[in-house]
Amino acid sequence: MSDIILATSGLTREFGGFVAVNDVALRVERGTIHALIGPNGAGKTTCFNLLTKFLPPTRGRIEFKGRDITRLSPAEVARLGLVRSFQISAVFPHLSAIENVRLALQRSRGASFDFWRSETVLSVYDERARSLLDDVGLSDYVDTQAGLLSYGRKRALEIATTLALEPEMMLLDEPTAGMAHEDVDRVVNLIRRIREGRTILMVEHNLSVVEGLCDTITVLTRGRILAEGDYATVSKNPEVISAYLGSADA
Amino acid sequence: MTGFSRVQMIGVALMVALIVLAPSVLYPVFLMKVLCFALFACAFNLLIGYVGLLSFGHAAFFGMGSYVSAWTIKHWGITAEVAILLGGATGAALGLVLGWLAIRRQGLYFAMITLALAQMVYFFCLQAPFTGGEDGIQQVPRGKLFGIVPLESDMTIYWLVAFVFLAGFLLIHRIVHSPFGQVLKAIRENEPRATSLGYRTNDYKLIAFVLSSMLAGIAGGTKALVFGIATLTDVHYSMSGEVVLMTLLGGLGTIFGPVMGALVVTAMENYLAQFGAWVTVTQGVIFMVCVLAFRRGIIGEIGAKLKVTL
């Protein structure tokens, strides 16, 4: 059997009487790009929140690298190497691009409780931060306030920040949402480049992105897994076509 | 080297020069009051300006610091610097308990919990025998610095107060510009993101809260020695409101803003005192004008005009 990095069993989350995620058994293979797709309200983002422990599951179990992480805190999960991005681009708007990335690199020195030390000790990370910014095409924006960057560049900065943690697995929540065409291409290329040695699980609405990028696709509707497989298999599944694509020619 | 930009260096130099020169023009006791409140406001600003936490209960730390300094120097006859440090320790210890409870909630709920806890501290102070209730602790001696230098003269204690203020001011600046401070700013900007990078944000918030309440306690203790009195006014919720006003008026999240705010508010209270209740009305109007017209506060607006961080 193949190498599974992230596995859930019976993962369920209820909000009051509403079941947002219902008995989901997800298995993500190491080294692949795995997409989670589904119509609005299918529970994709809730699923992400459960996997990264931003929400506690009502029932079920989550295993990362064979370890039960169901009871861990979000910060602990991040430290194990399972790092997420957010649907709304998550940067630190009043800090410069390099400071954003440095905050992730700073993690490697452990907890930064040293309030008596000058921040100049962080300059050891500058070189690495610059090269990460360079990687995502932001070398001209090193000292720009993150909040002033364009939407696509904010996303790129967010990815650079996430990459700085050297995560084994990245969870990208709609990395191309709301982007112009050229930005979409840039992010797709970026994801292709960074997949080396990593596993990526992403929520994505843009089907052409999913088609070209992802190895495995899981279709979620009303909190349940409807179908799973590569793009060719999933896109031919009649249930998926009726539930998600709406009509056969989509 | 110091983490100050060039403009900020000029600002610090100017501030130090004013502190040195002002007592030859203005009444030293008034200046000491300004400096104590300035330190208090800077401590408060550390939380709201750099962590994004609005504490509505900072009077508890200021007031308890003031009571403990006053009581210990009066009844134990300890030296002045120990009394002030005990005030700071009191603030820190109280901050640890109140902060530990309050940081579990966010935003407005955090503010309301700090307010409620501070009210409990107020009623404790009203009832506890050692505070003297309505009378407060009166005739507090100023004691001797290191047991050697008598502080009875206003000018001698002025230098002590100036030193305490500057030390606190520089400590806050260091905290803000430390690796720890970077994480604080990340929490202020986007707490979920900071968590997703692996930071246990509550730990950072609690440490910042304790540092802030410690400095508030030091400010309170210093004020008690200067005026020789510790009263309920210092633990009252209106004191918490006043420090919010000072910080907003001066400029939230700026390093000089709280100092400027403390100066303006204290000056108003002092020089408009003859108009009685009109002081509060004036403060209210100024507060509204500030919120409506210049939200960044005095220093914040100047900084924005000059395009520099002050």
Side-chain angles (χ1 to χ4, degrees), chain A residues 48-49 52-54 73-96 99-125 145-147 157-158 161-162 164-167 170-171 173, chain B residues 1-5 43 46-47 49-52 92 104 167-168 170-212 214-215 252-254 296 300 303-304 307 309:
Chain A
F48 257 43
N49 284 333
T52 48
K53 307 301 304 152
F54 274 69
S73 75
E76 283 168 326
V77 170
R79 285 182 219 178
L80 286 177
L82 177 62
V83 180
R84 69 171 299 176
S85 72
F86 292 83
Q87 205 170 81
I88 310 147
S89 80
V91 294
F92 304 118
H94 291 96
L95 303 182
S96 67
E99 282 179 309
N100 267 266
V101 178
R102 230 170 43 185
L103 267 159
L105 293 168
Q106 201 183 325
R107 278 284 325 139
S108 65
R109 61 198 295 271
S112 290
F113 292 137
D114 41 354
F115 59 81
W116 55 88
R117 207 168 276 150
S118 163
E119 64 190 345
T120 47
V121 300
L122 299 177
S123 58
V124 296
Y125 301 112
Q145 262 196 20
L157 175 59
E158 195 193 335
T161 309
T162 309
L165 293 174
E166 304 276 352
M170 288 169 80
L171 269 61
D173 198 354
Chain B
M1 179 190 84
T2 50
F4 283 110
S5 69
L46 173 65
L47 278 187
Y50 297 99
V51 203
R104 279 141 209 282
L170 292 175
L171 174 64
I172 289 169
H173 184 76
R174 172 40 60 87
I175 295 169
V176 169
H177 293 278
S178 68
F180 175 71
Q182 280 290 319
V183 182
L184 293 186
K185 281 179 254 179
I187 293 172
R188 172 192 72 187
E189 300 277 298
N190 192 334
E191 190 174 344
R193 182 55 172 164
T195 306
S196 83
L197 294 181
Y199 292 106
R200 253 196 284 259
T201 52
N202 275 357
D203 296 355
Y204 294 85
K205 288 202 264 186
L206 183 57
I207 294 174
F209 197 91
V210 170
L211 287 168
S212 170
M214 175 190 80
L215 288 163
L252 193 144
T254 63
R296 282 181 282 229
K307 297 197 191 328
T309 314

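Each chain gets a letter, A, B and so on, in the order the sequences are listed, and its residues count up from 1.
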Ring-face cation contact, B/Tyr199 with A/Arg107, 6.0 Å cut, 45° max
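Satisfied, under 6.0 Å and within 45°.
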
Engaged part of B/Leu197 at the chain A interface, taking heavy atoms whose separation is under 4.5 Å
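For B/Leu197, the contact with chain A is made by backbone and side chain together.
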
Is B/Leu211 in contact with chain A via its backbone, its side chain, both, or neither, using a 4.5 Å heavy-atom distance?
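The answer is the side chain of B/Leu211.
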
Name the region of [X], side chain, backbone, both or neither, that has any atom closer than 4.5 Å to a heavy atom of chain B.
{"X": "A/Leu122", "value": "side chain"}
{"X": "A/Glu158", "value": "both"}
{"X": "A/Phe86", "value": "side chain"}
{"X": "A/Leu165", "value": "side chain"}
{"X": "A/Val91", "value": "backbone"}

Are A/Ser112 and A/Gln106 close enough that a side-chain donor and a side-chain acceptor fall under 3.5 Å?
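The answer is yes; a qualifying pair exists.
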
Is any side-chain heavy atom of A/Pro167 closer than 4.5 Å to a side-chain heavy atom of A/Met170?
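Result yes, sub-4.5 Å side-chain heavy-atom pair found.
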
Output the option from A/Ala164, A/Ala111, A/Ala90, A/Ala104 having the highest count of non-hydrogen pairs under 4.5 Å with chain B.
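Greatest number of close heavy-atom pairs with chain B: A/Ala90.
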
Among A/Arg84, A/Arg102, A/Lys53, A/Glu76, single out the residue with the greatest number of heavy-atom pairs under 4.5 Å to chain B.
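Ranked by contacts with chain B, first place is A/Arg84.
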
Are A/Phe113 and B/Tyr204 close enough that their ring centers fall under 6.0 Å?
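That pair passes the under 6.0 Å test.
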
Ring-plane angle category for B/Phe4 and B/His173, please: parallel below 30°, perpendicular beyond 60°, tilted otherwise.
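Rings of B/Phe4 and B/His173: parallel, under 30°.
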
I'd like to check the side chain to side chain donor-acceptor pair (under 3.5 Å) partners of B/Ser212; sequence neighbours left out, ordered by chain and number.
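Counting only residues at least two positions away or on another chain, B/Ser212 forms a side chain to side chain donor-acceptor pair (under 3.5 Å) with B/His58.
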
For B/Thr201, side chain to side chain donor-acceptor pair (under 3.5 Å) partners two or more places apart:
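In terms of side chain to side chain donor-acceptor pair (under 3.5 Å), with neighbours along the sequence ignored, B/Thr201 is linked to B/Glu191.
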
